[in-house]
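Labels below follow one simple rule: chain letters A, B, ... track the order of the sequence lines, proteins then strands, and each chain is numbered from 1.
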Amino acid sequence: MSFMPWFPMLTVLSMFYYICLRRRARLASRGEMINSRQAIESNSRALPMSTKAVQYAKEVLDFSSHYGSENSMSYTMWNLAGSPNVYPSSGDFTQTAVFRTYGNLWSNCSSTPAPFKRTSVNFFSQDYVELAFEEPVYPTAVHILETYHPGSVVKILACSANPYSQSAPAEIRWETIWSGEPTRVNSPQSRQFTPCLKEISFPTNLLRLETNSSLLDYYTELDAVELHGVKEKPVLFLKTAAIDMSDLDDDYDDKDSCELDSLTNQLSNTGIREWTNNGYFDKLPYELIQFIISHLALPDLCRLAQTCKLMYQHCCDPLQYTHLSLQPYWTNVNDNSLEYLLPRCSLVQWLNLSWTGNRGLISTSGFSRLLKVCGSELVRLELACGHFLNEACLEVIAEMCPNLQELNLSSCDKLPPQAFSHICKLSGLKRLVLYRTKIEQTALLSILNFCPEIQHLNLGSCVLIEDYDLVASVLGAKCKKLRSLDLWRCKNITERGIAELASGCLLLEELDLGWCPTLQSSTGCFVNLASKLPNLRKLFLTANRSVCDSDIEELARNCQHLQQLDILGTRMVSPAALCKLLECCKELFLLDVSFCSQIDSRVVQELVTRFPSVSIKKSFTQ
Amino acid sequence: MFSVLSCGRLVARAVLGGLSQTDSRDYSLVTASCGFGKDARKGILKKGMCYGDDACFIARHRTADVLGVADGVGGWRDYGVDPSQFSETLMRTCERLVKEGRFVPTSPVGILTSSYCELLQNKVPLLGSSTACLVVLDRTSHRLHTANLGDSGFLVVRAGEVVHRSDEQQHYFNTPFQLSIAPPEAEGAVLSDSPDAADSSSFDVQLGDIILTATDGLFDNMPDYMILQELKKLKNANYESIQQTARSIAEQAHDLAYDPNYMSPFAQFACDYGLNVRGGKPDDITVLLSIVAEYTD
């Protein structure tokens with residue numbers, strides 16, 4: 001009986017629905033086919049009457065990595081702005097946006113750190129790029145033009161803050177409008193990716209794409225992003241698509257952790273009724289419960305804490321937080337959530353704050369308070385793309401974390417050069433990532449002088465270092481334990497630097513010399529490397545036009561353990577030399593011979609059949 | 001006394017400045033292109049804007065109109081390299097830099113430099129060399145900024161007379177300055193000039209000025225008086241008539257190039273060097289003909 005009063009209302013609603021459908025049909029018959037088609041494509045959530053806007057990205061605001069050089073436009077993320085340059089063609093073109101890595105081959109390296117325990121199972125993102133558009137709209141569709149090896153996009157988020165507005169926004173909300181799992185698309189051909197979007201309650205002109213290239217065979221290339229949207233808030237939602245349960249789950253994970261946290265806080269303060277008896281739980285050993293809950297993701301742990309006092313106690317045990325990765329929750333992690341986590345953080349050893357804290361979410365004082373609590377035990381600190389960092393923050397790290405061994409400042413490109421001078425106080429450092437930072441030579445040299453334990457060093461795209469030969473000679477003299485070194489796109493290392501490196505760092509296993517244009521094979525530098533470093537597992541000589549047969553033969557002779565070799569873009573390596581290399585280096589699993597003019601696709605085909613265990617890459621432009 | 005003088009100067013300057021600023025309209029270039037590949041594929045653009053080993057581009061930006069020609073050095077064919085690849089990529093890259101606004105109108109040498117750097121950033125190991133000539137019209141300041149490396153060039157014609165022109169840059173006879181990327185084994189053996197070596201100039205233009213930008217294929221075969229004669233036929237500034245004139249200039253140069261008895265500027269130049277040469281110089285010809293007009297969006 002109770003539904004009776006609802007009946008007239010339902011009738012009214014269904015009439016309204018019917019009227020709207022009629023109106024749409026009439027509009028379509030009037031010839032506005034395009035309009036209605038767009039409406040259908042966009043999940044029919046907008047009235048065809050409202051003003052539509054279609055826009056390409058105006059500007060690329062931020063990104064985590066890219067293939068290109070910092071002072072060029074080839075293969076850089078900045079190419080995502082503007083109209084497409086390549087689409088609908090496919091191939092490996094300079095005009096597109098390319099991330100730094102692909103596939104999972106690279107994760108086998110000793111320089112790649114182990115994953116954090118308790119990482120959320122639906123967090124796949126490895127890289128991101130943030131795009132600003134001219135006009136804020138309610139998005140109805142996003143077209144991503146992927147021109148080479150598509151399938152990397154795993155998440156699209158929209159931000160409530162307008163990057164072009166003069167006034168600072170009161171609150172910044174990031175809403176996931178689409179998410180999916182990494183996919184493997186078998187063809188490298190271009191495609192237009194148009195995911196089905198979730199509607200949002202605010203207009204946006206700031207989108208963020210998050211990608212995962214782990215299943216791809218080669219670098220993915222993105223050409224342009226087209227945002228379709230309406231300017232007024234859509235009144236009627238005729239949502240036809242089935243509700244995607246995974247979407248909801250994701251959202252729950254992303255959004256609620258902090259709110260849950262604060263709720264937990266309240267509950268604990270109000271005091272729950274005293275229960276002395278926990279039933280069968282009392283029979284379980286403390287350690288066993290601890291072990292069981294150690295498998296929960298962080299938001300689940302917070303939810304569990306709300307169930308009862310016993311679980312609250314278990315979930316607050318600092319031992320549960322030895323690995324703390326807040327990266328998946330970057331949209332919501334702020335000073336308050338850090339404050340809330342403080343009492344549980346005294347035993348944190350691995351802390352991941354990558355991607356968090358941007359746009360003022362984390363303050364210097366919030367960060368310092370956290371490090372004051374957990375700094376003494378901290379061994380590993382990930383701060384990639386942490387644009388909240390400033391010199392004071394690095395000073396705090398240097399002061400509070402005497403035991404720190406791993407520090408990742410990748411893509412912290414807003415950190416001023418003088419901030420890096422504090423890193424040299426961390427004398428126990430073993431892994432240091434400074435990719436795309438503004439570190440200067442003096443700061444780097446003092447780090448190398450005071451941190452003799454360094455094993456893994458990434459100096460990729462550090463544009464402010466003046467003399468790489470000097471850096472290499474100090475590395476050779478002081479850092480005897482160096483096992484991996486990334487000098488991707490260093491502008492001026494020569495054979496002298498390489499010689500110092502090869503004679504000093506005998507444990508070197510991974511060396512990335514991609515896009516170092518000043519190295520000439522004729523000086524014998526590559527032969528020298530190969531003969532002095534028999535332990536080499538990974539060697540990237542990307543786009544060094546002078547790599548020749550004698551270098552490859554020396555590698556074949558001396559580096560039996562070679563696993564990955566990239567000699568993209570040389571005209572001087574012959575199929576015979578490659579054959580010899582493949583025969584000698586039994587452990588080789590990655591060989592990139594793209595744009596090597598002597599190695600045509602027929603040769604590649606032959607090599608692939610002869611050496612099926614090796615993934616031989618041959619990129620193409622059409 | 002001094003103050004009176006300086007005051008007078010200020011007043012004069014203000015008056016003159018006021019006079020010269022009366023023209024607040026923005027200018028633009030109306031440009032047409034025409035050309036011939038050496039092997040007589042008449043007027044056919046290969047892909048994009050390419051005539052034989054020559055390449056050119058015409059690009060517009062909010063602040064400036066930019067055009068350029070490049071002449072790929074044919075000698076690379078002996079190394080199994082397509083010489084047009086270098087010149088074409090160079091011009092395409094310049095075009096992109098302009099369209100994306102990554103340039104300063106006052107510095108065409110800057111465009112050339114960044115374009116050359118982008119070529120080195122390509123995964124494809126490009127080889128080759130090329131001359132280049134870039135012309136930039138700054139819309140608001142009405143100034144023409146140019147950069148020229150090698151023997152391509154431009155003429156500015158006002159009222160039937162050449163009022164400004166580029167200087168030719170040669171290492172020795174028939175060997176112009178050139179941008180190049182050499183294979184590592186031939187490094188040093190190949191002529192390679194820095195983009196900074198380009199000759200740059202600035203020149204104030206007026207409405208109706210004609211700017212002719214072309215590769216050496218034109219200038220080696222057609223002396224100034226013949227070019228001026230053709231330009232006289234140009235009556236108005238609409239695109240069709242410019243296109244027609246550009247075509248007739250290119251055609252005439254092409255015919256002369258294959259005339260064995262014609263004493264071309266190239267042949268005369270060769271005589272100056274003590275070489276006994278007669279006739280035209282068969283070469284790729286690229287002509288960009290522009291008129292300075294008022295800017296309409």
Side-chain angles (χ1 to χ4, degrees), chain A residues 58-60 67-76 78-79 81-83 85-86 91-96 98 148 218-219 221 489 491 514-515 517-523 542-548 551 566-573 592-598 617-621, chain B residues 47-48 57 59-62 76-86 88-104 110-129 179-190 192 194-195:
Chain A
K58 185 184 177 188
E59 205 182 337
V60 175
Y67 186 92
S69 144
E70 294 306 292
N71 37 28
S72 144
M73 55 178 188
S74 303
Y75 314 107
T76 58
W78 301 300
N79 287 326
S83 53
N85 293 308
V86 173
D92 194 343
F93 287 102
T94 54
Q95 298 94 327
T96 56
V98 191
Y148 199 49
Y218 207 58
Y219 297 94
E221 297 193 355
R489 291 191 183 273
K491 56 190 176 195
W515 295 93
T518 45
L519 287 175
Q520 291 296 332
S521 170
S522 55
T523 60
T542 320
N544 194 299
R545 317 299 184 185
S546 67
V547 175
C548 60
D551 301 325
D566 183 340
I567 52 166
L568 174 145
T570 173
R571 293 173 167 267
M572 300 165 72
V573 170
D592 194 334
V593 292
S594 306
F595 304 108
C596 293
S597 48
Q598 292 188 43
K617 310 290 182 188
K618 173 86 184 164
S619 191
F620 66 88
T621 53
Chain B
K47 41 177 180 174
F57 78 96
R60 296 169 77 85
H61 185 256
R62 201 167 26 80
W76 288 96
R77 210 167 268 116
D78 304 340
Y79 291 79
V81 176
D82 174 10
S84 70
Q85 197 190 14
F86 188 90
E88 200 209 336
T89 319
L90 186 71
M91 289 293 101
R92 291 291 80 74
T93 314
C94 287
E95 187 180 5
R96 228 182 119 221
L97 286 165
V98 172
K99 282 186 173 161
E100 296 190 2
R102 290 165 166 267
F103 73 108
V104 191
I111 304 178
L112 210 55
T113 311
S114 15
S115 181
Y116 180 68
C117 291
E118 292 297 333
L119 295 196
L120 297 172
Q121 293 293 327
N122 203 316
K123 287 186 191 176
V124 182
L126 287 170
L127 287 187
S129 47
L179 292 176
S180 58
I181 302 180
E185 72 270 20
E187 206 99 45
V190 172
S192 180
S194 148

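No donor-acceptor distance shorter than 3.5 angstrom exists from the side chain of B:Gln121 to the backbone of A:Gly68, with no hydrogens or angles considered.
For the atom pair A:Met73 CE and B:Thr93 OG1, the distance stands at 6.5 Å (nearest 0.5 Å). The CD atom of B:Glu185 sits 13.5 Å away from atom CZ of A:Arg545, with the distance rounded to the nearest 0.5 Å. Taking CZ of B:Arg96 as the start and CG of A:Asn79 as the end, the distance is 4.5 Å to the nearest 0.5 Å. The distance from atom CD of A:Gln95 to atom CD of B:Glu100, rounded to the nearest 0.5 Å, is 9.0 Å.
Using a 4.5 Å heavy-atom threshold, the side chains of B:Lys123 and A:Asp92 count as touching. Proximity of B:Asn122 to A:Tyr75: side-chain heavy atoms (C-beta onward) are separated by under 4.5 Å at one or more points. Put simply, the side chain of B:Tyr79 does not reach to within 4.5 Å of the side chain of A:Arg571, judged on heavy atoms.
Considering all non-hydrogen atoms of both residues, A:Gly569 and B:Pro125 come closest at O-CB, 3.6 Å. Taking every heavy atom of both residues into account, B:Pro184 and A:Ser546 meet most closely at CG-CA, 3.6 Å.
Of the listed residues (A:Ser72, A:Ala543, A:Ser69), the one with the most heavy-atom contacts under 4.5 Å to chain B is A:Ser72. Top candidate by heavy-atom pairs under 4.5 Å with chain B, chosen from A:Tyr67, A:Phe595, A:Trp78, is A:Phe595.
The part of B:Leu120 that comes within reach of chain A is its backbone (N, CA, C, O), which places non-hydrogen atoms under 4.5 angstrom from that chain. Contacts between A:Ser522 and chain B at a heavy-atom distance below 4.5 Å are absent for every atom of the residue.
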